[in-house]
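Report on one structure; see the data block that follows.
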Amino acid sequence: DVQLQASGGGLVQAGESLRLSCAASGFIFDGYAIGWFRQAPGMEREGVAAISSRDGREYYADYVKGRFTISSDSARSSVTVYLQMNNLKPEDTAVYYCAADETPLEFSTGWGREDEYDYFGQGTLVTVSS
């Protein structure tokens, strides 16, 4: 099974930056994808960003475009995916989760849906104060 471990959350002030990391291992196939989701209190979990290992293409939710950047650093069967979050806003406060899709199909349209992914890791809390 794929293992996912997210880290890097914390408390920051509005306008500051954080970098989240997702250590993922256990992939059998090369063509996987990793996504970041977040869940604010009382809200549903939503897709934030994703990256495909097949072509390196990046995907972003409209509300983070220009502020967040996803990147990856991969080895043979493991990868670390980063989410650089700049100019954070109080509305970015949430638990952030990384997720793995072992065999992404039509990923360009499904990247932001939870059911696209096979595994979710434990979350890391990001709190942005105003």
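Here, residue 1 is the first one in the sequence, and each next residue gets the next number.
Electrostatic pairing of Arg57 and Asp55 does not count as a salt bridge here, judged by no charged N lying under 4.0 Å from a carboxylate O. Look at Lys89 and Asp92 and you find no salt bridge, because none of the NZ, NE, NH1 or NH2 atoms lies under 4.0 Å from a carboxylate O.
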Apply side chain to side chain contact (heavy atoms under 4.5 Å, CB included) to residues Met85 and Tyr96 and explain how you reach the verdict. CA-CA 12 Å; Met85 306 186 295; Tyr96 284 71; 3.9 Å; yes

Check the pair Asp118 / Glu102 against side chain to side chain contact (heavy atoms under 4.5 Å, CB included), numbers first and verdict last. CA-CA 7 Å; Asp118 303 298; Glu102 286 192 289; 3.5 Å; yes

Before giving the answer on side chain to side chain contact (heavy atoms under 4.5 Å, CB included), spell out for Val2 and Ser25 the whole-Å C-alpha distance, their side-chain angles and the decisive distance to 0.1 Å. CA-CA 6 Å; Val2 172; Ser25 62; over 6 Å; no

Between Thr124 and Val95, does the side chain to side chain contact (heavy atoms under 4.5 Å, CB included) criterion hold? Intermediate values first, please. CA-CA 5 Å; Thr124 184; Val95 177; over 6 Å; no

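By the 4.5 Å heavy-atom criterion applied to side chains, Val48 and Tyr60 are not counted as neighbours. The side-chain heavy atoms of Val126 and Leu20, taken from C-beta on, include a pair separated by under 4.5 Å. Two residues are said to be in side-chain contact when any heavy atoms from C-beta on lie closer than 4.5 Å; Leu18 and Phe68 fail this criterion. With contacts defined as side-chain heavy-atom distances shorter than 4.5 Å, the pair Ile51/Val81 qualifies.
In the hydrophobic cluster analysis, where Ile, Leu, Val, Met, Phe, Trp and Tyr join through side-chain heavy atoms closer than 4.5 angstrom, Phe37 is grouped apart from Val64. Transitive grouping of hydrophobic side chains (ILVMFWY, heavy atoms separated by less than 4.5 Å) brings Tyr63 and Ile70 into a common cluster.
Of all heavy-atom pairs between Pro104 and Gly31, the closest is CD-O, 2.8 Å. Pairing each heavy atom of Gly121 with each of Leu4, the nearest pair is N-CD1, 3.6 Å. Contact record, Arg67 with Leu88: NH1-CA, 3.9 Å, taken as the closest heavy-atom pair. For the pair Ala49 and Leu83, the tightest heavy-atom approach, listed with the atom from each and the gap, is CB-CD1, 4.0 Å. Scanning all heavy atoms of the two residues, the minimum distance from Trp36 to Cys22 falls at CZ2-CB, 3.5 Å. When all heavy atoms of Ala40 and Ala94 are compared, the closest pair comes out as N-CB, 3.8 Å.
In this structure, the side chain of Thr127 does not engage the main chain of Leu11 through any donor-acceptor pair within 3.5 Å. At least one donor-acceptor pair closer than 3.5 Å links the side chain of Glu16 to the backbone N or O of Gln13. Remark: side-chain polar atoms of Thr93 are paired, donor with acceptor, to backbone N or O of Val128 under 3.5 angstrom. Without hydrogens or angle criteria, Gln39 side chain to Met43 main chain gives a donor-acceptor distance under 3.5 Å. The backbone N or O of Trp111 sits less than 3.5 Å from a side-chain atom of Tyr117, completing a donor-acceptor pair.
For the 3.5 Å distance criterion, the side chains of Gln84 and Asn86 qualify, holding a donor opposite an acceptor. Donor-acceptor pairing under 3.5 Å is lacking for the side chains of Asp73 and Thr80.
Relative to the ring axis of Tyr97, Arg38 does not place its NZ or CZ within 45° and under 6.0 Å from the centre. Both tests hold for Arg19 against Tyr82: distance to the six-membered ring centre under 6.0 Å, angle to the ring axis within 45°. Relative to the ring axis of Phe107, Arg54 does not place its NZ or CZ within 45° and under 6.0 Å from the centre.
Remark: Glu91 CD is packed, more than 12 non-hydrogen atoms of other residues, nucleotides or ligands lying under 6.0 Å away.
The aromatic rings of Phe27 and Tyr32 sit parallel, their planes meeting at an angle under 30°, below the 60° perpendicular limit.
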